[in-house]
Peer 1: 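Once you've had a glance at the structure underneath, I'll fire off some questions.
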Amino acid sequence: MYAQESKSDDTFTVVLDAGHGGKDSGNRGNQYYEKHIALNVTLKIGAILKKNSDINIIYTRKSDVFIPLNKRADIANTSKADLFVSIHCDAHNSNAYGAGTFVLGLHENDRNFRIAQKENSVIFLEEDYEKNYDGFDPNNPESVISLVLMQETYLDQSIQAANTIQQSFVRNLKRKNRTVKQAGFLVLRNTYMPSVLVELGFLTNKIEGAYLNSKKGQTEMSQAIAKAIVAYKNQLQFDLQEDVIFEDNSVKSAEESTTSGYVFRVQISASKTAVEPKSFNFKGLSPIKRVKTGSLYKYFLGNASSYEQAKNLQKRAIEKGYNGSFVVAFEGEEIVPLNKALKRN
Ligand SMILES: [Zn+2]
């Protein structure tokens with residue numbers, strides 16, 4: 001939807017964000033430089049994607065310079081990008097190896113928190129970081145929860161993009177699958193588009209570190225990521241067509257309105273980890289209902305007997321910052337097409 005609103009043609013804009021740079025080397029596992037590997041891979045991804053005339057590529061950096069995290073999000077937002085991909089390498093004091101792809105969310109475990117903590121701590125190299133990040137403290141796990149609500153509108157699509165990248169690593173390169181995870185990465189907080197962070201692998205692992213530092217490794221990893229970005233773009237364009245059809249129908253029948261036997265609720269967010277459906281977790285909104293569908297928990301506001309009431313609830317949700325919220329019809333515990341609920345009168 002936003003992709004079509006913001007551009008007249010079908011150009012897909014991707015922001016490629018090479019992690020770290022300049023005075024921030026990133027991790028130095030086995031004496032390698034995360035910042036150099038991230039930049040090499042990022043530039044290679046861009047070079048491959050450039051062959052697609054309908055893909056527009058924006059870089060947050062193209063050389064060895066320091067860029068604050070919030071500046072990276074600004075670049076992405078200004079360019080009205082359709083996807084933000086941040087490239088990093090991991091480090092650990094074990095022999096851990098494998099590629100992982102992350103989306104913004106609650107840390108599912110301590111391990112994910114540590115990865116985000118490491119990447120977030122680069123703000124200590126920035127002047128005014130206290131001011132620029134509203135007192136965010138990378139070392140406090142609690143400090144990250146407020147990050148989660150910002151990206152939730154794009155969570156489904158971020159997970160879809162992350163899955164596509166992760167599958168590409170596993171299928172094309174036989175990399176160990178560390179699966180898609182959620183964690184509180186600050187660089188993903190302020191982007192208004194689907195956003196993922198890729199940890200290419202562990203520089204601290206002897207074999208994987210050497211691979212990622214090699215030309216062969218960097219070429220292969222960038223090919224896998226570029227392939228995935230193209231695949232995601234194609235999926236997205238297909239989804240958008242479906243979306244448009246669905247919305248047209250629902251608008252038409254909205255006039256006819258209400259019902260019996262159906263309840264209307266407003267879907268305000270979704271997450272991969274279960275958040276308690278308490279009003280304090282949802283900016284004071286209540287009642288909140290949580291429904292698990294597939295691997296996602298979805299959160300619904302209200303319990304309205306008419307579509308009009310639900311629209312008012314949606315307005316309230318949007319006022320609270322849930323910009324992506326939309327009305328959903330329930331028949332009992334089942335979600336049913338909105339058209340069906342609106343027509344039956
Ligand atoms: Zn990093």
Side-chain angles (χ1 to χ4, degrees), residues 15-46 59-73 75-76 84-94 96-105 107 110-126 129 132-133 136-139 144 147 151 158 162 165-166 169 175 178 180-191 195-205 208-213 217-218 221-222 224-225:
V15 173
L16 300 176
D17 175 50
H20 312 278
K23 63 182 173 185
D24 169 19
S25 311
N27 90 66
R28 295 289 321 273
N30 281 311
Q31 304 304 311
Y32 301 124
Y33 281 89
E34 178 185 358
K35 65 172 182 177
H36 293 326
I37 296 172
L39 181 62
N40 289 347
V41 170
T42 299
L43 294 175
K44 277 174 190 279
I45 296 170
Y59 301 92
T60 54
R61 68 178 181 101
K62 291 179 86 172
S63 59
D64 187 16
V65 289
F66 180 78
I67 316 257
L69 292 186
N70 58 351
K71 207 47 209 277
R72 296 169 191 259
I75 293 168
F84 178 86
V85 182
S86 191
I87 304 291
H88 291 259
C89 303
D90 215 338
H92 200 252
N93 56 12
S94 71
Y97 67 99
T101 309
F102 291 81
V103 300
L104 185 69
H107 323 295
D110 190 56
R111 169 85 189 105
N112 291 357
F113 168 67
R114 299 283 163 217
I115 296 171
Q117 182 187 30
K118 216 164 27 198
E119 301 292 6
N120 291 341
S121 66
V122 301
I123 64 170
F124 295 136
L125 298 172
E126 299 177 18
Y129 74 86
N132 290 339
Y133 301 101
F136 171 78
D137 176 7
N139 297 324
V144 166
L147 303 182
Q151 255 281 314
S158 298
I165 291 171
Q166 197 59 30
F169 288 148
R175 305 306 298 170
R178 300 185 62 247
V180 171
K181 302 185 201 76
Q182 287 185 284
F185 289 100
L186 199 48
V187 70
L188 304 180
R189 176 177 77 162
N190 287 331
T191 56
S195 302
V196 304
L197 186 143
V198 179
E199 296 281 0
L200 298 169
F202 289 78
L203 300 186
T204 39
N205 180 285
E208 193 162 68
Y211 173 75
L212 292 174
N213 197 52
Q218 292 171 8
M221 292 305 281
S222 44
I225 295 169

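In each ligand, atom 1 is the first atom listed, and ligand 1 is the first ligand listed. Counting begins at 1 with the first residue of the sequence. It should be emphasised that the depicted structure is a prediction, and the values quoted were computed from it without experimental measurement.
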Peer 1: Which residues pass the side chain to side chain contact (heavy atoms under 4.5 Å, CB included) test with S94, sequence neighbours left out?
Peer 2: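 Partners of S94 under the side chain to side chain contact (heavy atoms under 4.5 Å, CB included) test: H92, A96.
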
Peer 1: Quick one: list whatever passes salt bridge (charged side-chain N to carboxylate O under 4.0 Å, His left out) with D17, sequence neighbours left out.
Peer 2: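 Per chain and number, D17 pairs via salt bridge (charged side-chain N to carboxylate O under 4.0 Å, His left out) with R72.
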
Peer 1: Are H36 and D64 side-chain neighbours, meaning at least one heavy-atom pair lies under 4.5 Å?
Peer 2: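 Result yes, sub-4.5 Å side-chain heavy-atom pair found.
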
Peer 1: When you measure from the side chain of R175 to the backbone of Y97, do you find a donor-acceptor pair of N or O atoms at a distance under 3.5 Å?
Peer 2: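 A pair under 3.5 Å: no.
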
Peer 1: Taking salt bridge (charged side-chain N to carboxylate O under 4.0 Å, His left out) as the definition, give me every residue that meets it alongside R114, ordered by chain and number, with sequence neighbours left out.
Peer 2: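 D110.
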
Peer 1: The Zn ion (ligand 1): which protein N, O or S atoms are under 2.8 Å away?
Peer 2: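 Checking every protein N, O and S atom gives H20 NE2, E34 OE2, H88 ND1, E119 OE1, E119 OE2.
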
Peer 1: Look only at the side chain of E208 and the backbone of G98, and say whether a donor-acceptor pair between them is shorter than 3.5 Å.
Peer 2: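 Such a contact is found between E208 side chain and G98 backbone.
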
